[in-house]
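Contents: one structure, followed by commentary.
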Amino acid sequence: MKGISHTLLSYLTAAVFLLAIWWGLALLLELPIVPTPDKVFVRLTNVFARDILEHAAYSLWRIAAGLGLAVCIGYPLGVIMGYFRQADRFLSLVVYLTYPIPKIALLPILMLLAGVGELSKILMIFLIIVSIVVVSNTIKLTVFNRAS
């Protein structure tokens, strides 16, 4: 614990030192291109509240929708593959052949099929996550079934 507090104290000291140098240079130069840190932080707060927060909310919505869809589809699929050997033989071929494909390579196809809007972005997140959910549940259940 002492090492962590020492590291944090050194980072805090460095940050205060850099802010002091920045403030001193801004006051010394008095140029509009080098504002003082307080002006920068006020402007950053305004921009964050006005623009960045809205975009972050949209991004979090897309992530939540893609993750929810991947879990709702991938988890039952993994359970089915873990319990039934016939389903595992058929579906594992599809999962393991599509798993190594870089998902970003599918983006142009998704954009053609689903458009440029929210759906293609949510589907991209879904494709990235669903195979991981399926494989992890299949492995867990297969190991569990063979152990009992």
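Predicted, not measured: the structure shown is a model, and the values here were computed from it.
With sequence neighbours excluded, no residue forms a side chain to side chain contact (heavy atoms under 4.5 Å, CB included) with L112. Applying the side chain to side chain contact (heavy atoms under 4.5 Å, CB included) criterion to I33, with sequence neighbours excluded, gives L31. Checked against side chain to side chain donor-acceptor pair (under 3.5 Å), S59 has no partners two or more places apart in sequence or in another chain.
No single ILVMFWY cluster, assembled from side-chain heavy atoms under 4.5 Å apart, contains both L97 and L77. Hydrophobic clustering (ILVMFWY, side-chain heavy atoms < 4.5 Å, transitive): V34 and L28 are in distinct clusters. Under a hydrophobic-cluster definition in which Ile, Leu, Val, Met, Phe, Trp and Tyr are linked whenever side-chain heavy atoms come within less than 4.5 Å, directly or via other members, W23 and L19 are assigned to different clusters. Y99 and I101 fall into different hydrophobic clusters, where Ile, Leu, Val, Met, Phe, Trp and Tyr side chains are chained together by heavy-atom contacts under 4.5 Å.
A distance-only check finds a donor-acceptor pair linking the side chain of W22 to the backbone of P35 [under 3.5 Å].
Between atom CG of residue L91 and atom OH of residue Y96 there is a gap of 11.0 Å, rounded to the nearest 0.5 Å. The distance from atom CG of L8 to atom CG of L12, rounded to the nearest 0.5 Å, is 8.5 Å. In this structure, OG1 in T36 is found 12.5 Å from CG in L29, a value given to the nearest 0.5 Å. Interatomic distance, CG of L93 versus CG of D88, reported as 10.5 Å (0.5 Å rounding).
Applying the under-4.5 Å side-chain rule to Ile, Leu, Val, Met, Phe, Trp and Tyr, the cluster around Y58 consists of that residue alone.
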Enumerate, atom names and distances included, each donor-acceptor pair closer than 3.5 Å involving a side-chain atom of residues 115-134, sequence neighbours excluded.
unit_1 : atom_1 : unit_2 : atom_2 : d
E118   : OE1    : R62    : NE     : 2.9
E118   : OE2    : R62    : NE     : 3.4
E118   : OE2    : R62    : NH2    : 3.1
S120   : OG     : G115   : O      : 3.0
S120   : OG     : G117   : O      : 3.2

Identify every side-chain donor-acceptor pair in residues 45-55 under 3.5 Å, counting partners at least two apart or on other chains, and give the distances.
unit_1 : atom_1 : unit_2 : atom_2 : d
T45    : OG1    : F41    : O      : 2.7
N46    : ND2    : V42    : O      : 3.4

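The minimum heavy-atom distance linking T98 with V94 is given by the pair OG1-O, 2.8 Å.
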